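Okay, structure first, notes after.
This structure is a prediction, so every number in the text was calculated from the model and none was measured.
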Amino acid sequence: MKRPALITINFAGTNFRHLVRLQQWLIVAVVLLGTATGVLLWKANSYHAQSAALTQQVREFTASIEKLRPAMQERQQLVKDLGDMSGLLEARRFSWTRLLTGIEAAFPSGVALTRLEFNARELAVALEGTAQSPESLSSLMIGLQKSRSFKSPLLKHQSMDKGNISFNVAVTYQEHPAAGADPGAGRQPRN
C-alpha cells in the first residue's frame with residue numbers, strides 16, 4: 001500500500017523555526033557576553049590589586065628615601081668637610097715665610113706696607129702702603145720686577161696724601177721662584 005502524501009499547512013504568520021534558532025543564538029550571545037564581562041571584571045580586579053601593590057611600593061620607597069635623607073645630608077657634609085680639609089692641607093704646604101721674605105727683599109727703604117692681600121688660588125698679591133718719595137715708589141716697582149718671587153707687578157693706584165705717596169700694587173707670586181735670580185736684586189740698603 002501506498003501511503004498518501006501528507007500536506008502540512010502552516011496558518012501562523014511567523015516561522016517559529018527561525019525564532020527558535022534566533023533564540024538559541026541570543027542565548028549563546030548572552031553567555032559569551034557574560035563570560036566576557038566576567039573576564040573583564042577579573043582583569044579589572046587584578047589591575048586594581050596591582051595598582052594597590054604599586055602604591056604600597058611607592059609609599060615604602062618614599063619612606064626609605066626619607067630614612068636615607070639624613071644619611072645623604074651627612075654624606076654631603078662629609079664631602080664638604082673633606083674639601084675644606086684638602087684646602088687646609090694645601091694651605092699648609094704654602095710657605096708664608098717665603099712670601100713675606102720675598103716681599104721684604106723687594107721693599108726698599110722709604111716704603112711702608114700698610115695692607116697685604118693674598119689670593120692663594122690665583123697666587124695674586126695686593127700690596128697697599130705709602131712711599132716717602134716718587135723715587136722710593138719707583139725703587140719698589142723695580143725691586144718687584146727684578147725679584148724672582150714675583151712677576152708682572154702693576155701699579156694700580158697712587159695718590160699724594162700728607163706728603164707721602166699712597167699706592168696700591170698688584171703682583172703675581174711665584175711660589176717656586178725661577179732659578180738663578182738674586183732674591184735681593186731690587187733691594188737697596190736701608191739707612
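In this structure, the side chain of Ser51 does not engage the main chain of Tyr47 through any donor-acceptor pair within 3.5 Å. Checked by atom type and distance alone, the side chain of Ser138 never pairs as donor or acceptor with a backbone atom of Glu135 at under 3.5 Å. Counting only distance, with no hydrogens or angles, the side chain of Thr37 and the backbone of Leu33 share a donor-acceptor pair below 3.5 Å. Put simply, the side chain of Thr62 gets close to the backbone of Val58: a donor and an acceptor are under 3.5 Å apart.
Atom-to-atom distance recorded for Met72:CE and Gln77:CD is 13.5 Å, nearest 0.5 angstrom. Ser166 contributes atom OG, which lies 9.5 Å from atom CE of Met160 (distance to the nearest 0.5 angstrom). For the atom pair NZ (Lys80) and CZ (Arg75), the distance works out to 15.0 Å, reported to the nearest 0.5 Å. Put simply, CG on Leu40 and CG on Asn45 are 12.5 Å apart, with the number rounded to the nearest 0.5 Å. Interatomic distance, CG of Leu113 versus CZ of Phe167, reported as 6.5 Å (0.5 Å rounding). Atoms CG and CG, on Leu144 and Leu140 in that order, are 4.5 Å from each other to the nearest 0.5 Å.
Heavy-atom neighbours of Glu74 CD from other residues, nucleotides or ligands within 6.0 Å: at or below the threshold of 12.
Between Pro134 and Leu137 there is no side-chain heavy-atom pair separated by less than 4.5 Å. Within the 4.5 Å cutoff, no side-chain heavy atoms of Gln76 are placed close to those of Val79. Contact of the Met141 side chain with the Leu155 side chain is registered, since non-hydrogen atoms from C-beta on lie closer than 4.5 Å. Side-chain atoms of Arg98 and Tyr173, non-hydrogen and from C-beta on, do get closer than 4.5 Å to each other.
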For Ile103 and Leu127, what are the C-alpha separation, side-chain angles and deciding distance, and is it a side chain to side chain contact (heavy atoms under 4.5 Å, CB included)?
-> CA-CA 9 Å; Ile103 291 172; Leu127 304 170; 4.0 Å; yes

Take Leu116 and Leu100 through the side chain to side chain contact (heavy atoms under 4.5 Å, CB included) test and state the conclusion after the steps.
-> CA-CA 10 Å; Leu116 166 73; Leu100 295 174; 3.8 Å; yes

Please test Gln57 against Leu54 for side chain to side chain contact (heavy atoms under 4.5 Å, CB included), starting from the C-alpha separation and ending with a verdict.
-> CA-CA 5 Å; Gln57 287 178 350; Leu54 287 175; 3.5 Å; yes

What do the steps show when you test Leu99 against Val125 for side chain to side chain contact (heavy atoms under 4.5 Å, CB included), and what is the final call?
-> CA-CA 10 Å; Leu99 171 67; Val125 180; 4.1 Å; yes

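Counting only residues at least two apart or in different chains, salt bridge (Lys or Arg N to Asp or Glu O under 4.0 Å) contacts with residues 111-121 comprise Arg115-Glu117, Arg115-Glu128.
Remark: Ser136 pairs with Ser133 by the side-chain hydrogen bond (donor to acceptor under 3.5 Å, both in side chains) rule, at least two apart or across chains.
Nearest heavy atoms, Gln174 versus Phe150: NE2-O, 3.4 Å. Among all heavy-atom pairs drawn from Ser139 and Pro108, the shortest one is CB-CG, 3.7 Å.
By the 30° and 60° cut-offs, the orientation of the rings of Trp96 relative to Phe118 is perpendicular.
Using modelled atom types and a 3.5 Å distance limit, the side chains of Arg21 and Gln24 yield no donor-acceptor pair.
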